[in-house]
Amino acid sequence: MTYSGQVTVGGPADVHELKDLMITKIAVGPMENNAYLLRCRATDEQLLIDAANEAETLLGMIGDDGIASVVTTHQHGDHWQALAEVVAGTRARTYAGRHDADGIPVPTDVLVDDGDVVKVGRVELTARHLVGHTPGSIALVYDDPHGHPHVFTGDCLFPGGPGRTTRPDDFKSLMSGLEAKVFSLPDETWIYPGHGNDTTLGAERPNIQEWWARGW
């Protein structure tokens with residue numbers, strides 16, 4: 001089956017099979033959050049991005065192999081509702097952006113800064129700190145050596161624009177960060193957001209000036 005990235009709460013997961021990494025996407029909870037299970041194909045180690053909700057659903061997706069780590073992209077409550085139960089069930093190490101960790105009610109084992117590498121087996125993800133949606137949001141970049149980059153953006157970038165901000169300075173910060181740290185990647189870069197469908201940088205890049213003009 002060809003990966004589409006289109007998932008619905010209560011529906012099946014969708015699997016993106018790369019040469020070195022398998023990415024399983026599922027939608028959970030009343031805010032239709034996306035959670036992503038990453039599996040290194042060489043070692044079978046697994047990492048979960050955003051234990052957002054429905055712990056039973058997430059643990060079922062994780063399966064008997066468990067996860068070594070779980071990354072929370074930012075401190076907003078809809079992205080960590082299942083974190084405590086998932087950690088209790090898997091003993092996974094927790095990762096979060098340094099400046100958001102205090103807002104997550106599950107202790108963070110590893111504080112993540114811009115440029116830090118988060119590993120899942122032999123696969124490396126590079127963290128990008130993006131300020132604006134929250135003070136400590138992080139995106140994770142997988143620069144596939146066999147293809148184009150893949151970026152897990154949390155709520156910082158969606159199809160159609162950046163994530164929600166409440167002040168003009170936050171919007172400017174988020175947009176500047178996205179331009180410098182995400183849109184510097186090629187058009188083929190695949191974007192996996194915290195809610196909704198996937199997109200690519202090529203699909204979104206023509207709209208950057210429109211986003212600046214509208215201010216959100």
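Salt bridge status for D20 with R122: absent, with no side-chain N to carboxylate O gap under 4.0 Å. The pair D187-R205 meets the salt-bridge criterion, with a side-chain N (NZ, NE, NH1 or NH2) lying under 4.0 Å from an Asp/Glu carboxylate O. Salt bridge annotation for E45-K119: absent, with no cationic side-chain nitrogen under 4.0 angstrom from a carboxylate oxygen. Between D14 and K25 no salt bridge is recorded (no basic side-chain N to carboxylate O distance below 4.0 Å). Contact check on D44 versus R39 returns a salt bridge, with a Lys/Arg side-chain nitrogen under 4.0 Å from an Asp/Glu carboxylate oxygen.
No single ILVMFWY cluster, assembled from side-chain heavy atoms under 4.5 Å apart, contains both Y192 and L37. A single hydrophobic cluster is seen to contain both W190 and Y142, as judged by linkage of ILVMFWY side chains at heavy-atom distances under 4.5 Å, directly or through other members. A continuous path of ILVMFWY side-chain contacts below 4.5 Å connects V118 to I49, so both sit in one hydrophobic cluster. At a threshold of 4.5 Å between side-chain heavy atoms, the hydrophobic network of Ile, Leu, Val, Met, Phe, Trp and Tyr places V7 and I62 in two separate groups. Hydrophobic clustering keeps L185 apart from V123 (ILVMFWY residues linked when any side-chain heavy atoms are closer than 4.5 Å, directly or through intermediates).
A distance of 4.5 Å separates OG1 in T72 from CD1 in I104, rounded to the nearest 0.5 Å. We find the CG-CG distance between D114 and L130 to be 8.0 Å, quoted to the nearest 0.5 Å. A distance of 14.5 Å separates NZ of K181 from CG of L157, quoted to the nearest 0.5 Å. Rounding to the nearest 0.5 Å gives a distance of 14.5 Å between CZ of R128 and OG1 of T153. Taking CG of D100 as the reference point, atom NE2 of H133 lies at 9.0 Å (rounded to 0.5 Å). Between the OG1 atom in T199 and the CG atom in N197 there is a gap of 9.0 Å [rounded to 0.5 Å].
Taking the side chain as every heavy atom from C-beta outward, L174 and C156 approach each other to under 4.5 Å. In this structure, R98 and H129 have side chains that are not in contact, with every pair of non-hydrogen atoms separated by 4.5 Å or more. Put simply, the side chain of E54 does not reach to within 4.5 Å of the side chain of Q81, judged on heavy atoms. Counting only heavy atoms from C-beta outward, the side chains of T90 and L48 never approach each other to under 4.5 Å. Looking at V28 and V9, their side chains never come closer than 4.5 Å, going by heavy atoms from C-beta outward. Contact of the L178 side chain with the P162 side chain is registered, since non-hydrogen atoms from C-beta on lie closer than 4.5 Å. By the 4.5 Å heavy-atom criterion applied to side chains, V141 and L125 are not counted as neighbours. The shortest side-chain heavy-atom distance between Q46 and L38 does not fall under the 4.5 Å cut-off.
No hydrogens or angles considered: a donor-acceptor pair under 3.5 Å links the side chains of Y3 and D198. A donor atom on one side chain and an acceptor atom on the other are found under 3.5 Å apart for D155 and H79. For the residue pair T134/S137, the side-chain donor-acceptor check at 3.5 Å is satisfied. Counting only N and O atoms by type, the side chains of N33 and N53 include no donor and acceptor under 3.5 Å apart.
The environment of W216 atom CH2 is sparse: at most 12 non-hydrogen atoms of other residues, nucleotides or ligands sit within 6.0 angstrom. The local environment of CE in M31 is sparse, with at most 12 non-hydrogen atoms from other residues, nucleotides or ligands closer than 6.0 Å. Atom CZ of R214 sits in a crowded spot, with more than 12 heavy atoms from other residues, nucleotides or ligands closer than 6.0 Å. Enclosure of atom CG in D113 by more than 12 non-hydrogen atoms of other residues, nucleotides or ligands within 6.0 angstrom is indicated. The local environment of CD in E179 is crowded, with over 12 non-hydrogen atoms from other residues, nucleotides or ligands closer than 6.0 Å.
Between the side chain of D50 and the backbone N or O of T73 there is at least one donor-acceptor pair closer than 3.5 Å. The backbone N or O of D169 sits nowhere less than 3.5 Å from a side-chain atom of S173 that would complete a donor-acceptor pair.
Outside the 6.0 Å centre-distance limit, the rings of F171 and W211 are not counted as a close aromatic pair. A ring-centre distance under 6.0 Å is not found for H74 and H99.
Residue L47 forms a side-chain contact (heavy atoms from CB on, under 4.5 Å) with just one option from V120, I67, V70, L21, and that option is V120.
Here the closest heavy-atom approach between residue P107 and residue T94 is recorded as O-OG1, 2.7 Å. In terms of heavy atoms, L111 sits closest to A101 at CD2-CB, 3.5 Å. Shown here for P186 and P149, the closest heavy-atom pair between the two residues is CG-CD, 3.8 Å. Residues P105 and W80 come closest through the heavy atom pair CG-CZ3, 3.3 Å. In plain terms, the two heavy atoms of N34 and H195 that are nearest each other are ND2-C, 3.2 Å. Of all non-hydrogen atoms in P206 and A203, the two that sit nearest each other are CD-O, 3.7 Å.
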**OP:** Quick one: do H150 and H16 satisfy side-chain hydrogen bond (donor to acceptor under 3.5 Å, both in side chains)? Show the steps, please.
**Re:** CA-CA 11 Å; H150 298 256; H16 203 170; 4.5 Å; no
Original post:
Given E204 and F158, is the side chain to side chain contact (heavy atoms under 4.5 Å, CB included) satisfied, shown in steps?
Top reply: CA-CA 9 Å; E204 304 305 323; F158 297 101; over 6 Å; no
Original post:
Hey, mind stepping through F183 and L201 against side chain to side chain contact (heavy atoms under 4.5 Å, CB included) and telling me if it holds?
Top reply: CA-CA 7 Å; F183 280 98; L201 289 186; 3.7 Å; yes
**OP:** Just do the side chain to side chain contact (heavy atoms under 4.5 Å, CB included) check on T200 and E188 with the steps written out, would you?
**Re:** CA-CA 6 Å; T200 64; E188 296 79 12; over 6 Å; no
**OP:** For the pair I26 and L58, evaluate side chain to side chain contact (heavy atoms under 4.5 Å, CB included) and give the outcome as yes or no after the intermediate values.
**Re:** CA-CA 8 Å; I26 198 165; L58 297 180; 4.0 Å; yes
